[in-house]
Amino acid sequence: MTVMVGGESMYPAKNIVENAVNSKDHTTLVAAVKAAGLVETLQGKGPFTVFAPVNDAFENLPAGTVDMLLKPENKATLTKVLTYHVVPGKMDFKTIAAAIKKGGGKAEMTTASGGKLYAMMNGEHNITIKDEAGNVANISTYDVYQSNGVIHVVDKVLMPKM
């Protein structure tokens, strides 16, 4: 089943990158993934769970943050921020919700960058994701299945401890 993201169909037979490049809501994320040299990684076998921030999430960062991160000399920092949005494994809504229940209201997830993200229920059908800086992102679109994982669209850029 296809899910609409950024005005385009996301096809389960395509990988994360093949789908993300078509979303009008994720142009900043795609540019950042390319700048960090992560295209090949995210086209890999996976599976990966990606918390994909929309363009507005990047625009809401402090002025100059995105431009600073996209500079070649800041590639390591950009890579850390982006891989902080990736959790190894295929964690869909049901899997995350079950982990939250098992964790007594909170699930800790270890990201591809080695950092921690925390998932909590916010009502019956909404999961929020908290980063190491204490920022809380809402998931606006769940369970966008890919050939190599699943994407959840989020409204904030999640920041690791630097």
Side-chain angles (χ1 to χ4, degrees), residues 5 15-17 19-20 23 25-26 28-62 64-66 68-71 73-146 148-162:
V5 176
N15 69 45
I16 289 165
V17 175
N19 274 316
S23 169
D25 291 342
H26 292 90
T28 306
L29 177 62
V30 169
V33 165
K34 287 177 179 174
L38 291 171
V39 170
E40 210 171 274
T41 304
L42 290 176
Q43 285 181 328
K45 204 164 66 179
F48 307 108
T49 300
V50 177
F51 296 98
V54 292
N55 293 337
D56 281 352
F58 286 98
E59 289 165 19
N60 290 330
L61 289 171
T65 303
V66 174
M68 184 267 305
L69 285 171
L70 291 176
K71 287 184 177 158
E73 63 268 26
N74 296 322
K75 186 175 175 182
T77 303
L78 177 63
T79 300
K80 183 175 180 178
V81 170
L82 292 173
T83 56
Y84 187 66
H85 290 77
V86 179
V87 175
K90 193 171 189 173
M91 299 189 70
D92 60 10
F93 179 90
K94 281 183 184 166
T95 306
I96 298 170
I100 292 168
K101 191 173 181 181
K102 188 177 172 189
K106 184 158 70 171
E108 182 181 284
M109 298 177 284
T110 301
T111 70
S113 71
K116 302 284 185 203
L117 287 174
Y118 306 92
M120 294 145 297
M121 296 303 295
N122 179 16
E124 218 174 297
H125 299 290
N126 192 29
I127 293 173
T128 56
I129 306 294
K130 189 165 119 182
D131 65 18
E132 292 171 340
N135 302 306
V136 177
N138 294 296
I139 300 175
S140 58
T141 306
Y142 295 89
D143 296 351
V144 186
Y145 294 104
Q146 318 288 307
N148 62 345
V150 61
I151 292 175
H152 302 289
V153 178
V154 293
D155 65 354
K156 292 223 174 32
V157 175
L158 302 162
M159 296 304 270
K161 281 187 186 148
M162 295 309 238

Pair Lys116 + Glu108, salt bridge at N-O below 4.0 Å
yes
Looking at side-chain heavy atoms only, is the closest gap between [X] and [Y] below 4.5 Å?
| X | Y | result |
| --- | --- | --- |
| Leu70 | Asn74 | no |
| Thr77 | Leu69 | yes |
| Pro53 | Phe58 | yes |

Ring centers of His85, Phe51 separated by less than 6.0 Å
no
Return yes when atom NZ of Lys130 has more than 12 non-hydrogen atoms of other residues, nucleotides or ligands closer than 6.0 Å, and no otherwise.
no
Would you say that more than 12 heavy atoms from the other residues, nucleotides or ligands in this model lie under 6.0 Å from the CD of Glu40, or not?
no
Rounded at 0.5 Å granularity, tell me how far CE in Met121 sits from CD1 in Ile96.
10.0 Å
Side-chain donor-acceptor pair under 3.5 Å between [X] and [Y], yes or no?
| X | Y | result |
| --- | --- | --- |
| Tyr142 | Asn126 | yes |
| Ser140 | Asp155 | no |
| Thr95 | Asp92 | yes |
| Gln146 | Asn15 | no |

Under a 3.5 Å distance rule, please check whether [X] uses its side chain to pair with a backbone N or O of [Y] as donor and acceptor.
| X | Y | result |
| --- | --- | --- |
| Asp131 | Pro160 | no |
| Thr110 | Gly114 | no |
| Thr28 | Asn55 | no |
| Thr49 | Met91 | yes |
| Thr65 | Pro62 | yes |
| Asn148 | Lys45 | no |

Over all atoms of both residues, closest heavy-atom pair of [X] and [Y]:
| X | Y | answer |
| --- | --- | --- |
| Ala36 | Leu82 | CB-CD1, 3.7 Å |
| Tyr118 | Lys106 | CB-CD, 3.9 Å |
| Ala32 | Leu78 | O-CD2, 3.5 Å |
| Ala112 | Pro88 | N-CD, 4.0 Å |
| Ala137 | Lys156 | CB-CB, 3.7 Å |

Of Ile127, Val150, Ile139, the one forming a side chain to side chain contact (heavy atoms under 4.5 Å, CB included) with Phe93 is Ile127
